[in-house]
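All remarks here apply to the structure that follows.
The residues of the chain are indexed from 1 along the displayed sequence. In what follows, every heavy atom counts, from backbone to side chain, and hydrogens, waters and symmetry copies are set aside. Everything numeric here is computed off the predicted structure, so don't read it as measured data.
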Amino acid sequence: MAPKLSDSVEELRAAGNQSFRNGQYAEASALYERALRLLQARGSADPEEESVLYSNRAACYLKDGNCTDCIKDCTSALALVPFSIKPLLRRASAYEALEKYSLAYVDYKTVLQIDNSVASALEGINRITRALMDSLGPEWRLKLPPIPVVPVSAQKRWSSLPSENHKETAKSKSKETTATKNRVPSAGDVERARVLKEEGNELVKKGNHKKAIEKYSESLLFSSLESATYSNRALCHLVLKQYKEAEKDCTEALKLDGKNVKAFYRRAQAYKALKDYKSSLADISSLLQIEPRNGPAHKLRQEVNQNMN
């Protein structure tokens with residue numbers, strides 16, 4: 001039994017969170033419902049709090065397999081605070097469980113517009129793409145509902161949230177790494193990875209680096225054995241000034257191919273931007289051992305030396 005609570009939305013929500021962590025989903029749902037009724041009875045608008053309560057109750061429904069009510073609550077949460085990541089992910093999972101794959105695809109894609117590093121969304125896209133190809137055939141993309149364009153304000157709101165709100169992303173990144181690296185891709189997976197990488201390359205040529213990152217990330221979910229996919233994604237991260245992500249991708253590329261000149265060069269660029277000049281010079285030196293006449297590398301070395309003086 002939950003302890004007796006005062007008429008406080010905050011206490012009811014905290015108690016609901018504790019019940020959820022304990023696996024008592026029906027009890028947690030009831031506590032969130034009490035908090036919602038109390039909040040709505042106040043008459044004062046607090047859309048952020050109300051949205052969180054709907055989203056939390058949706059998580060309870062999802063755990064109990066009540067996908068229909070999960071979708072309803074997620075939709076209510078998103079009506080109050082559009083483009084919130086957790087209700088989008090929960091609704092996508094519920095749609096997927098109900099085999100409403102087109103709607104799940106739209107929600108996962110919307111999440112990736114907000115934050116392209118949420119690997120649970122990338123993994124969802126991976127699963128849904130296979131299901132849609134099987135059910136709708138090669139022209140499946142033409143049969144999807146429209147995917148909403150996420151405004152920049154929503155992206156900034158997510159990126160400015162405190163770090164604890166990004167646990168979903170951190171958890172997902174580690175899941176992506178272990179999931180992709182611990183399995184041997186089939187011939188079909190390798191081919192899909194190649195096609196997605198080429199789509200990413202075309203997006204880079206058009207200057208759409210953010211979308212290209214999504215394509216390269218999807219490609220790596222099918223096969224993480226292609227060094228060039230990592231170094232290509234690193235280029236996009238550099239353009240978007242995501243230097244730590246670029247450095248990580250180059251490191252992964254070099255694990256697969258120790259002579260990947262582009263990976264050495266791009267990691268040297270990332271280190272330079274991060275003011276780690278020693279590491280930058282070490283990468284340039286490694287690159288020049290492979291290609292002694294590489295002009296851009298010589299120029300970059302001069303720039304790094306100037307910054308050190």
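Side-chain N or O atoms of S223 include none that pairs as donor or acceptor with a backbone N or O of S219 at under 3.5 Å. In terms of modelled atom types and a separation under 3.5 Å, the side chain of S55 and the main chain of S51 share no donor-acceptor contact. Judged by distance alone, with hydrogens and angles left aside, the side-chain atoms of S280 form no donor-acceptor pair with the main-chain N or O of D276 at under 3.5 Å. Between the side chain of S19 and the backbone N or O of A15, at least one donor-acceptor pair lies under 3.5 Å. Counting only distance, with no hydrogens or angles, the side chain of K143 and the backbone of L136 share a donor-acceptor pair below 3.5 Å. Looking at Y32, its side chain does come within 3.5 Å of a backbone N or O of G16 through a donor-acceptor pair.
Checked by atom type, the side-chain pair R21/N17 shows no donor-acceptor distance below 3.5 Å. A donor-acceptor contact closer than 3.5 angstrom is absent between the side chains of Q269 and R266. Side-chain N/O atoms of N201 and Y216 include a donor and acceptor closer than 3.5 Å. There is a side-chain donor-acceptor pair under 3.5 Å between T251 and E247. N307 and E303 are not linked by any side-chain donor-acceptor pair at a separation below 3.5 angstrom, with hydrogens and angles left out of the test.
In this structure, OG1 in T129 is found 5.0 Å from OH in Y105, a value given to the nearest 0.5 Å. In this structure, CG in L31 is found 11.0 Å from CD in Q18, a value given to the nearest 0.5 Å. Atom CZ of R90 is separated from atom OG of S84 by 10.5 Å, given to the nearest 0.5 angstrom. Here the CZ atom belonging to R194 is positioned 10.0 Å from the CD atom belonging to E199, to the nearest 0.5 angstrom. Here the straight-line distance linking atom OG1 of T68 with atom CG of D73 works out to 11.5 Å at 0.5 Å rounding. Atoms CG and CG, on L254 and D283 in that order, are 7.0 Å from each other to the nearest 0.5 Å.
With hydrophobic clusters built from ILVMFWY side chains whose heavy atoms lie under 4.5 angstrom apart, Y230 does not share a cluster with I290. Neither Y95 nor L78 shares a network with the other; the hydrophobic side chains, linked directly or stepwise wherever heavy atoms of I, L, V, M, F, W or Y lie under 4.5 Å apart, form separate groups for each. L238 and L203 are members of different hydrophobic clusters when ILVMFWY side chains are connected at heavy-atom separations under 4.5 Å. Under a hydrophobic clustering in which Ile, Leu, Val, Met, Phe, Trp and Tyr are joined whenever their side-chain heavy atoms come within less than 4.5 Å, directly or via other members, V81 and L36 fall into the same cluster. Cluster annotation: L132 and L112 are assigned to the same hydrophobic cluster (Ile/Leu/Val/Met/Phe/Trp/Tyr, side-chain heavy-atom contacts under 4.5 Å, transitive).
In this structure the side chain of R233 reaches within 4.5 angstrom of the side chain of L220, judged on heavy atoms. I213 is listed as a side-chain neighbour of L240, based on a closest heavy-atom distance under 4.5 Å. L221 has its side chain out of reach of L196: every pair of non-hydrogen atoms, C-beta onward, lies at least 4.5 Å apart. In this structure, the side chains of T229 and S224 stay at 4.5 Å or more apart for every pair of heavy atoms. Contact annotation: the side chain of L98 never approaches that of L103 to less than 4.5 Å [non-hydrogen atoms, C-beta and beyond]. Taking 4.5 Å as the limit, some side-chain heavy atom of M133 sits within range of a side-chain heavy atom of R192. By the 4.5 Å heavy-atom criterion applied to side chains, V52 and E49 are not counted as neighbours. Counting only heavy atoms from C-beta outward, the side chains of F20 and N56 never approach each other to under 4.5 Å.
Residues satisfying the salt bridge (Lys or Arg N to Asp or Glu O under 4.0 Å) criterion with K109, sequence neighbours excluded, are E214, E218.
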- Message: Run the salt bridge (charged side-chain N to carboxylate O under 4.0 Å, His left out) test on R13 and E10 for me, step by step, so that the C-alpha distance in whole Å, both residues' side-chain angles and the decisive distance to 0.1 Å come before the verdict.
- Response: CA-CA 5 Å; R13 186 172 79 156; E10 293 74 18; over 6 Å; no

- Message: Pair R301, N305 - check side chain to side chain donor-acceptor pair (under 3.5 Å), show working.
- Response: CA-CA 6 Å; R301 183 166 64 180; N305 283 325; over 6 Å; no

- Check the pair K255, E252 against salt bridge (charged side-chain N to carboxylate O under 4.0 Å, His left out), reporting the backbone distance first and the verdict last. CA-CA 5 Å; K255 285 178 185 176; E252 291 300 325; 3.3 Å; yes

- With side-chain contact (heavy atoms from CB on, under 4.5 Å) as the test, would you mind laying out the steps for Y108 and L88 before giving the verdict? CA-CA 7 Å; Y108 283 132; L88 279 168; over 6 Å; no

- Item | Candidate pair L12 and L38, rule side-chain contact (heavy atoms from CB on, under 4.5 Å), full reasoning | CA-CA 10 Å; L12 285 165; L38 182 58; 4.1 Å; yes

- Hey, mind stepping through K211 and Q113 against side-chain contact (heavy atoms from CB on, under 4.5 Å) and telling me if it holds? CA-CA 8 Å; K211 285 284 184 186; Q113 287 185 67; 4.2 Å; yes

- Task: Walk me through it: do T110 and I147 pass the test side-chain contact (heavy atoms from CB on, under 4.5 Å)?
- Result: CA-CA 7 Å; T110 303; I147 298 170; 4.2 Å; yes

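For an aromatic pair to be called close, the ring centres must be under 6.0 Å apart, and Y277 with Y271 fails this. Aromatic pair W140/Y101: centroids not less than 6.0 angstrom apart.
In this structure, A263 and A253 approach most closely via the heavy-atom pair CB-CB, 3.8 Å. Between P146 and V106, the shortest heavy-atom distance links the atoms O-CG1, 4.0 Å. For A297 against L288, the heavy-atom pair with the smallest separation is CB-CD2, 3.8 Å. Nearest heavy atoms, I128 versus A104: CD1-CB, 4.0 Å. Of all heavy-atom pairs spanning L80 and P47, the tightest one is CB-O, 3.9 Å.
Electrostatic pairing of E33 and R37 counts as a salt bridge here, judged by a charged N lying under 4.0 Å from a carboxylate O.
In K299, the NZ atom is not crowded: 12 or fewer heavy atoms of neighbouring residues, nucleotides or ligands sit closer than 6.0 Å. At most 12 non-hydrogen atoms from other residues, nucleotides or ligands lie less than 6.0 angstrom from CZ of R293.
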